[in-house]
> 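Following this message is one structure expressed as structure tokens.
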Amino acid sequence: MTDLVVIGGTGVYGIDRVQDVERVAVDTPFGPLESPLLRGSWGGRPVAFLARHGEQHSVLPHEVNYRANVWAVAQLAPRAVVAVNAVGSLDDRLPPAALALPDQLLDYTFGRASTFYGDVPEAPIHVDFTHPYDGGLHAAVARAAGDDLAVSRDLVYGVTQGPRLETAAEIRRMRQDGCGLVGMTGMPEAVLARELGLAYVSLCLIGNWAAGFRPDEPEITLDEVLENVSAAMESALGVIERLLVRAL
Ligand code: HPA
């Protein structure tokens with residue numbers, strides 16, 4: 001039994017608070033994992049960590065084998081899965097380096113293998129996805145985060161194909177669509193997790209203002225994104241630790 005799995009994104013390739021780490025190479029019906037699953041203990045609790053893009057960040061967002069990753073996570077039968085996603089912000093309340101916990105998704109990706117249906121006999125054909133994140137886990141993470149979260153309701157994560165960043169016009173359209181966050185890795189991971197019955201939420205690390213959102217901002221650089229993401233990850237680790245101790 002695993003209490004918690006953390007799926008790490010850009011800038012997050014392990015968790016130094018996890019002890020007694022065992023590296024487990026995993027093969028799945030969808031191919032091998034890009035990097036080993038790290039299993040260990042955090043505050044005495046069994047946890048696991050998976051680097052979504054591989055440990056060397058060698059896999060681009062549209063090339064991630066989301067089905068293999070989610071399948072491998074599901075084999076651990078975790079009580080909770082916290083996915084960490086680097087994003088840009090389209091919400092004045094959510095500046096770079098802040099944490100965000102979306103409760104809705106808009107999927108702008110294309111051509112990604114986005115269902116287990118057809119490959120897993122017991123998977124449902126039309127899974128309910130009205131509320132894409134697990135309600136109980138979302139509430140527990142929001143409680144664990146407390147003041148670390150400026151917004152925890154009505155926050156929409158728009159998932160783009162990448163790997164390029166968006167145009168200013170695309171971001172304007174996404175604002176009209178109601179998006180507060182933009183990133184490249186939120187889907188199809190969330191729906192695959194739902195298909196396999198996992199309690200899954202996305203904890204977003206804000207790396208930058210979305211393209212053109214602040215017209216006076218200079219262009220977005222990867223260095224800036226990584227610096228802000230790593231600052232946000234410090235808060236995320238505290239939140240996840242409180243979640244483990246208090247709610248799981
Ligand atoms: N857009 C898409 N993905 C991202 C961004 C962004 O601005 N920042 C970090 N990941």
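Residue numbers count from 1 along this sequence. Read the numbers this way: they start at 1 and go in the same order the structure lists the ligands and their atoms. Only heavy atoms go into these numbers, but all of them, side chains included; no hydrogens, no water, no symmetry mates.
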> Going by atom types only, do Thr221 and Asp223 share a side-chain donor-acceptor pair under 3.5 Å?
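Side chains of Thr221 and Asp223: no pair found under 3.5 Å.
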> How does the hydrophobic cluster around Val182 look, that is, which other residues are in it when side-chain heavy atoms under 4.5 Å mark a link?
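The other cluster members (ILVMFWY side chains, heavy atoms under 4.5 Å, direct or chained) are Leu90, Leu106, Tyr108, Val156, Ile171, Met174, Trp209, Phe213.
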> Going by atom types only, do Thr130 and Asp128 share a side-chain donor-acceptor pair under 3.5 Å?
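Indeed, the side chains of Thr130 and Asp128 share at least one donor-acceptor pair under 3.5 Å.
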> Check whether the side chains of Thr109 and Gln161 place a donor and an acceptor atom closer than 3.5 Å, and report yes or no.
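Their side chains do not contain a donor-acceptor pair, so the 3.5 Å distance test is not met.
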> Considering only distance and modelled atom types, tabulate donor-acceptor pairs under 3.5 Å from the side chains of residues 30-43, sequence neighbours left out.
| from | atom 1 | to | atom 2 | distance (Å) |
| --- | --- | --- | --- | --- |
| Trp42 | NE1 | Glu241 | OE2 | 2.6 |

> In chain order, what residues pass the side chain to side chain contact (heavy atoms under 4.5 Å, CB included) check against Val64, with sequence neighbours excluded?
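Checked Val64 against side chain to side chain contact (heavy atoms under 4.5 Å, CB included); matches are Arg52, His53, Val59, Tyr66, Asn69.
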> N or O contacts of ligand 1 with protein under 3.5 Å, please list pair by pair.
| from | atom 1 | to | atom 2 | distance (Å) |
| --- | --- | --- | --- | --- |
| ligand 1 | 1 (N) | Glu166 | OE1 | 2.8 |
| ligand 1 | 1 (N) | Glu166 | OE2 | 3.4 |
| ligand 1 | 7 (O) | Asn208 | ND2 | 2.9 |
| ligand 1 | 8 (N) | Gly88 | N | 3.4 |
| ligand 1 | 8 (N) | Asn208 | OD1 | 2.7 |
| ligand 1 | 10 (N) | Ala86 | O | 3.4 |

